[in-house]
Amino acid sequence: MASLKQFIRNVRSAKTIADERAVIQKESAAIRASFREESHDSSIRRNNVAKLLYLFTLGERTHFGQIECLKLLASHRFADKRLGYLGTMLLLDENQEVLTLVTNSLKNDLNHSNQYIVGLSLCTLGNIASVEMSRDLFTEVESLLSTANPYIRRKAALCAMRICRKVPDLQEHFLEKAKNLLSDRNHGVLLCGLTLVIDMCEAEESEEGQEGVIEMFRPLAGNLVRALKGLTTSGYAPEHDVSGITDPFVQVKILRLLRVLARGDTATSELINDILAQVATNTDSSKNVGNAILYEAVLTILDIEADSGLRVLGVNILGKFLTNKDNNIRYVALNTLNKVVAIEPNAVQRHRNTVLECLRDPDISIRRRALDLSFMLINESNVRVLVRELLAFLEVADNEFKPTMTTQIGIAADRYAPNKRWHADTILRVLKLAGAYVKEQILSSFVRLIATTPELQTYSVQKLYVSLKEDISQEGLTLAATWLIGEYGDNLLRGGEYEEEELVKEIKESDIVDLFDNILNSTYATQTVVEYITTASMKLTVRMSDASQIERLRRLLHNRTADLSVEIQQRAVEYGNLFGYDQIRRGVLERMPPPEIREEQRVLGPSTKKRQSKMLKDKTRKPIKTAEQDMLLDLMGGSDVPVTSPTMNGSQNTADLLADILGGDSGLSSPAPQAAQQPVSNNSAIMDLFGSNGGTPSPNPAPASASLDLLGGAGAPVSTPSPSTSTAYTAYNKNELVLSLQVQRGNNNTAQIQARFRNQSSFSQFTSVGLQAAVPKSQRLQLSAINKAELEAGDEGVQMLKVTALNGPLPSKLRLRLRVTYAKDGSEPTTDQVDWSES
């Protein structure tokens, strides 16, 4: 067999894929044969495992070498153990059955006298630890956190992080040791300790309503501030110096932990305000290392309860980042400013010109982020300047930007237009530059604007006619111009009702017919365009006076009576028949009345003044895992597998889980083991779990009643509470669908809740909208059906809930587990689960 170096040389020298495959297959066969020979020479086994690792990097199958890695672990030689642990980390994962054989080797090596062997075992455990291994070996890791060797302490801290992630219940064993790590003088240990504490706090933060760990570490904020101050003011330290800055890695970690500890806490925020200002003003920004610290400081400033002056300083740092030559720095600055603009709009506005310059950046990612930010900066005072810049960018923008840009410019013009003339000119410009990318909603909004503004009708129709004569390739321009020419053709022919410098040449009736004929005979005559021209031509027959041109229009319509499109063919026949009834034709084709503008008809949605923005939280929230087998048990966080014991494999029975989620005072008791093991379809067990009926369940309960008690089925209608006596809470806000809850308490033991869904999007449609809910065992829930399951843009749907306490009064704060279902724009149905509590 060849050595590893020779094997790599042979693979690289292969001239074709077939040659490379032949070399790999031949060597794999030789390795398998060598394994079967059971050679006791450790150098041969080590050579084989090294080749396997190379094959692993090539994507080849290497499962047959897993046992050989375990044999290397049992060797007393360090070289064997090192390669064995490396192979174990790469070739095995926590789902492999043979991993159970590794536990004993790890246990022995965690207690080894050689620090490097202990380090290897900690590194392996930190990479592949399963739940069982974590439970078996956490005591060894816990003791190693107190060892005097800093090399082992820092590896043990990272291994403890893996164990806490796999088995959160074991976290309490590491809390005190983690506190000690934060005061360690060794920078490596401090860095690993900070990483461990941050992970603990963020894991706790993702659990709604639980802040025990964060409260435990919050008193250490003062020590962290002192440590950070020492790093920023210390002189040159060669062992920690990176580009002239002392240990930037520890500085960044301290800033991140301070952000987690101070989030939502005013006292801690005040404590760290000064050090944040010091870091933000004294850190050298000429090198990337300093920029990393500044960026972390800005994230911390914007995420805590900092004063306004410090927030402005943070935004100014991001603005300075925008002038940096490094693309990555500009990108993260734009990305962060997009989140900050709703928090500090005035501070971000000062950097408007710099943001606009980013629109000309060669990097498409930076252009995209700058474009998003530019639209968010638009308001009444700067709409003219920003829209002018955006129109200039639209002229040279990539095609992928144009659909979004045309829509956003239309929205901005609708909301912030200083006058209707400017609004019309802006949309006209958009239609000329990117008419093929303008959405139908923007076109209909523009048409409504012209129809409701008589003083703009002549001006707009003549402008559109001239633009269409110049370019018929833009479908949006063609549709808008055709509709307006058909509706206001007499204004087009009359003309001359606006400023002299904007007068167009005299337009003849034959010119309009020629234009329509030209479009119909071009390659741009899509079915929609033909439909618009057909109807516009019919309208023009009562707006023109030249009989010859009216006859041309009649023949044009007659030619469409044999169109392949049934819709066009039908309309052409109907329009042709109207020519025999002139009186009726003139009445039918009179000018359409201006459309009535109601708030719910506004295509472009609510004003951006109410735009909400999330704070800059980099939370690693864990998504709620949904079980597809059973909806009812999944709603309460269970699984479709019968639960037997709360301690086996870290699982809980359903009642304990519910008590933990909905509060310890919910009065839930653990059901008997035989009840817990019954299948989900046993409705009496479900009803008993939630205390839905007061007596003994009937032998054959009706499924409908079980669902009614658990999810609040369609029982008796619940009256709508009076808005004046209830409080509204936002329970869900995602994908432009908002669910708000209005709570009205009737007496001590009942409460009515109005769940109101609102489609906040401008153009999207939601279908199959619905809500399911569950309450603690001490309460009973009734839920009526939603009054409107399909929500257009701006629509609302209402669903009523009634919560009744079974024993005693309702708690002061209601708690519900909600399941929201909907489908957006015909896509696959989406199901989200949230826990809501009354604040």
Side-chain angles (χ1 to χ4, degrees), residues 205-209 263-264 302-303 335-336 338-345 372-373 375-376 407-408 411 415 599-600 602-624 626 635 661 721 723 726-743 753-774 783 786-801 813-825 827-839:
E205 207 173 33
S206 65
E207 300 292 334
E208 292 292 340
R263 185 180 292 147
L302 295 173
D303 207 12
N335 207 29
T336 310
N338 269 297
K339 302 172 185 176
V340 177
V341 66
I343 306 170
E344 290 291 337
D372 293 341
L373 182 56
F375 286 120
M376 297 182 75
T407 301
Q408 294 286 357
I411 291 173
R415 288 174 179 161
E599 187 60 30
E600 60 269 20
R602 289 172 62 87
V603 174
L604 305 174
S607 170
T608 52
K609 290 180 181 178
K610 300 178 182 179
R611 185 189 296 125
Q612 300 295 319
S613 172
K614 295 181 180 179
M615 295 291 283
L616 297 176
K617 296 180 181 177
D618 186 20
K619 295 183 181 179
T620 53
R621 291 192 177 274
K622 301 175 183 176
I624 299 172
T626 57
L635 182 62
I661 291 174
S726 59
T727 307
Y729 306 92
T730 299
Y732 180 82
N733 187 348
K734 188 176 179 182
N735 294 332
E736 299 180 297
L737 180 67
V738 176
L739 168 63
S740 59
L741 301 180
Q742 278 188 315
V743 181
I753 304 173
Q754 181 188 68
R756 184 180 296 274
F757 288 95
R758 178 171 176 82
N759 180 359
Q760 285 199 327
S761 67
S762 300
F763 312 116
S764 300
Q765 178 190 34
F766 291 94
T767 56
S768 305
V769 178
L771 176 69
Q772 296 169 326
L783 179 66
I786 190 169
N787 69 337
K788 189 174 185 180
E790 295 186 3
L791 304 180
E792 301 290 340
D795 281 355
E796 289 188 350
V798 178
Q799 201 165 352
M800 300 304 303
L801 301 85
K813 294 182 179 181
L814 293 177
R815 306 189 75 171
L816 301 175
R817 171 162 283 189
L818 306 173
R819 191 177 200 185
V820 181
T821 57
Y822 58 89
K824 185 175 182 180
D825 294 330
S827 60
E828 290 295 321
T830 300
T831 301
D832 284 328
Q833 189 168 296
V834 294
D835 293 331
W836 174 81
S837 62
E838 187 178 5
S839 59

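Remember, predicted model here, so these are calculated numbers, not experimental data.
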### Message
Does T830 form a side chain to side chain contact (heavy atoms under 4.5 Å, CB included) with K824? I'd like the steps, not just the answer.
### Response
CA-CA 8 Å; T830 300; K824 185 175 182 180; over 6 Å; no
### Query
Any chance the side chains of R756 and Q754 put a donor and an acceptor closer than 3.5 Å?
yes
### Query
What are the two closest non-hydrogen atoms of L791 and E796, and how far apart are they?
CD2-C, 3.6 Å
### Task
Check the pair D825 / S827 against side-chain hydrogen bond (donor to acceptor under 3.5 Å, both in side chains), numbers first and verdict last.
CA-CA 6 Å; D825 294 330; S827 60; over 6 Å; no
### Task
Search all heavy atoms of N787 against all heavy atoms of V798 and return the closest pair with its distance.
OD1-N, 2.6 Å
### Summary
dist R819:CZ -> T831:OG1 (nearest 0.5 Å) comes out at 5.5 Å
#### Entry: Donor + acceptor pair across side chains of Q760, E736 (<3.5 Å)
no
### Query
In Å and rounded to the nearest 0.5 Å, what is the CD to CG distance from Q408 to D372?
8.0 Å
### Task
Measure the spacing between CG of L739 and CG of L741 and express it to the nearest 0.5 Å.
5.0 Å
#### Entry: Interatomic spacing from CD in Q799 to CZ in F757 - rounded to 0.5 Å
6.0 Å
## Note on the structure
Taken to the nearest 0.5 Å, the spacing of I753 CD1 from Q742 CD works out to 11.0 Å
### Task
Spell out, as yes or no, whether a donor-acceptor pair under 3.5 Å connects the side chain of N733 to the backbone of V738.
no
### Message
Give me the atom names and distance for the closest heavy-atom approach of A823 to P829.
### Response
CB-CA, 4.1 Å
### Query
Would you find a donor on one side and an acceptor on the other, under 3.5 Å apart, between the side chain of N759 and the backbone of S764?
yes
### Summary
Tightest non-hydrogen contact, residues K734 and Y822, listed as O-OH, 4.2 Å
### Message
Just verifying a value: how many Å separate I343 CD1 and D303 CG, rounded to the nearest 0.5 Å?
### Response
8.0 Å
### Query
Closest approach of A731 and L818, non-hydrogen atoms and distance?
CB-CD1, 4.0 Å
#### Entry: Nearest non-hydrogen partners of V341 and M376, listed with the distance
CG1-CE, 3.2 Å
